[in-house]
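Note that the coordinates shown come from a computational prediction; the quantities given were computed from them, not determined experimentally. Lettering follows sequence order; numbering is per chain, from 1.
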Amino acid sequence: MLGKGGKRKFDEHEDGLEGKVVSPTDGPSKVSYTLQRQTIFNISLMKLYNHRPLTEPSLQKTVLINNMLRRIQEELKQEGSLRPVFVTASQPADPLSDNFREAQPAFSHLASQPLLPTDFVSTTPLESCLTPASLLEDDTFCTSPTVQHDGPTKPPPPALQPVKDSFSSALDEIEELCPAPTSAEAVAAEATADDSKDHPSESNIQKPEGFPESRAADSKLMDSLPGNFEITTSTGFLTDLTLDDILFADIDTSMYDFDPCTSATGAASKMAPVSADELLKTLAPYSSQPVTPNQPFKMDLTELDHIMEVLVGS
Amino acid sequence: FSGAGGGNDIQWCFSQVKGAVDDDVAEADIISTVEFNHSGELLATGDKGGRVVIFQQEQENKTQSHSRGEYNVYSTFQSHEPEFDYLKSLEIEEKINKIRWLPQKNAAQFLLSTNDKTIKLWKISERDKRPEGYNLKEEDGRYRDPTTVTTLRVPVFRPMDLMVEASPRRIFANAHTYHINSISINSDYETYLSADDLRINLWHLEITDRSFNIVDIKPANMEELTEVITAAEFHPNSCNTFVYSSSKGTIRLCDMRASALCDRHSKLFEEPEDPSNRSFFSEIISSISDVKFSHSGRYMMTRDYLSVKIWDLNMENRPVETYQVHEYLRSKLCSLYENDCIFDKFECCWNGSDRQVSFFSLIVMTGSYNNFFRMFDRNTKRDITLEASRENNKPRTVLKPRKVCASGKRKKDEISVDSLDFNKKILHTAWHPKENIIAVATTNNLYIFQDKMN
């Protein structure tokens, strides 16, 4: 599965991660607790998002992994280490700092997030929502129409402007955190330092944040948990990918570099300019269908290219 | 162990092994369920390829008192085929999740087999005679010219080679949105339940186009889903009572007389978490993978990842007994989470129910890794670890107990935790209802062990 390389059954070196339960309050073992927690968080994300089943994945497994992620996020939240995360492109004009969103890949808590984009829902094109197959279900419970790994569903071009705003301010934040963004060691060192547990948290959050939820205020005759609890066809997947996903996916990778568990996702260099192709490639694992660029998507990529160049200053 | 008979320990001996010998396991051959019928004469297995193989026990040879009858293939049929859900663009696996036998009412045998979505009632019948001597047909089936018939005769049945036919008599479909994990036949022998991740349905064996939903734990907002149903079973004596277990380690007992939709449980069985053992994986390892009532119905047994628990139906706040199956894995949970082994669903079973052999549900059996399986004697509190392996297994040789060395110096004949093969898992075991014969399924082989008869 995840490569630490080599034999994986029982690794003696795993004692740092395995072994006794480490309580978060232990002094010297706090680092290893944090490390263990982060490892588990990453593993959980990988399990949810790298799974390309031909058959529906086990709902029980998905629920348990989601609960794990949620618990860890709760913990992080309680520790107060969560920084305001990036607003999604669907919430234009909101300054970053106002928008604290729990980074849960599969859940969004309506109650706790007044800024949840019910406003943009109306622009959600039906065809980019979940498979209409669910309409045939007897249940008429309707939940969010989110697709797996979904970003808010809306026509991509209008997203560009707000994305740019939020993204650049987000980028500034990152640069604050990582004075030497091109140095893997610096990032790693900071990330693993006790006093900057913000970093792992943030990087962890970024990834799920890159798949923000969209909620349907109107009822849709489907019950599908975003991405995880209801398998949808991937026909709608690509159209639901927004720039957020692409951009954040890129950033995430860089933050994860110190972490062996996520090295499998591809070690994009931090903040280095990436071409749209590379971005597409990083996204390919998340889609169970071959990437077939459609018109609006193509347009995004060129603009994306441009943005990347500007931001990274190449 | 103390058998109810006379206080002798059961000594398990290898009897038979069925299945391919080579190490290369064909995916379709992976055994996914094992079940004896009510008399123990028939032993059914289901596999990932959707096939059911039924073995039949030879009639005991009265002169051969040193072994019980062997099991030989009786019938093989394709129960389920893979399907494709076009609407979701997903395959529906043909893997047989569960088989349950109906008690025998006439010459034919009936069983329910289910995959993720569809339950089927199969009739297995024997044909060992055929009619001969038709007036209008030749023996090969060709029709005779009626004008050539000069005399009439009555056709007679003549013996033929035994033919075992399996035919699907009922197909119970389209009632489950999620994956079926359990089926359980009611003690009224007329109804049965089927449970998926979020719902439990009640069926009548004769009616295929209608089923009644009796439990629904699906939240209005799927994003609030945190718990699923993992197993369900009818009470052995009370036809209105059933239990279902959850991924959070709880068991709910429901009474169908209370309301049509049993969303409110009558009893909730849950053990408080042991704070000293808390870890990131506490919830996952508490998820119950199997639940089985004792024969009397007074107790029930649950299997979670590391232990087997016996519950008294009259006591909801904690189990009466807990047996550790492989506690040495507790320190390895992170690895097991990573390689998905932590999600393995081990089943458990009681010893046989025949009153002459063991009136009480005394012994619990369950599987582990490295092709080990474990038995716990509730009376003596002793336990044993045995291995299902083709090596060192001669018929009528008593199985040697195994031991896993958790840490420290490994003694001779012990196996260290790090050497365990986690691809060799025993998830399914079954105990003959009347005799001390057990069926243990490794990945693609079925082992039969029996009590050493003196």
The test is side chain to side chain contact (heavy atoms under 4.5 Å, CB included); show your working for Gln60(A) and Lys345(B) and say whether it passes. CA-CA 11 Å; Gln60(A) 180 199 357; Lys345(B) 295 191 194 170; 2.9 Å; yes
Please step through side chain to side chain contact (heavy atoms under 4.5 Å, CB included) for the pair Met68(A) and Ile284(B), ending with a clear verdict. CA-CA 9 Å; Met68(A) 174 82 86; Ile284(B) 297 180; 3.8 Å; yes
Take Phe280(B) and Thr39(A) through the test side chain to side chain contact (heavy atoms under 4.5 Å, CB included) and record every step on the way to the result. CA-CA 11 Å; Phe280(B) 288 107; Thr39(A) 307; over 6 Å; no
Evaluate Glu56(A) against Asp85(B) for side chain to side chain contact (heavy atoms under 4.5 Å, CB included), listing each step before the verdict. CA-CA 10 Å; Glu56(A) 257 177 292; Asp85(B) 182 341; 5.5 Å; no
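Put simply, OG on Ser279(B) and CD1 on Ile40(A) are 7.5 Å apart, with the number rounded to the nearest 0.5 Å. Here the straight-line distance linking atom OG of Ser247(B) with atom NZ of Lys61(A) works out to 14.5 Å at 0.5 Å rounding.
Note: Asp197(B) leads Asp197(B), Thr230(B), Ile229(B) in heavy-atom pairs under 4.5 Å with chain A.
Within a 6.0 Å radius of NZ in Lys248(B), other residues, nucleotides and ligands contribute more than 12 heavy atoms.
Interface remark: Ile65(A) contributes backbone and side-chain atoms alike to the contact with chain B (heavy atom separation under 4.5 Å). Proximity to chain A is limited to the side chain of Leu198(B), based on heavy atoms less than 4.5 angstrom apart.
Both tests hold for Lys47(A) against Tyr337(B): distance to the six-membered ring centre under 6.0 Å, angle to the ring axis within 45°.
By the 4.5 Å heavy-atom criterion applied to side chains, Leu64(A) and Glu283(B) are counted as neighbours. Leu59(A) has its side chain within reach of Leu225(B): a pair of non-hydrogen atoms, C-beta onward, lies under 4.5 Å apart.
Minimum heavy-atom separation, Thr226(B) to Asn67(A): O-ND2, 2.8 Å.
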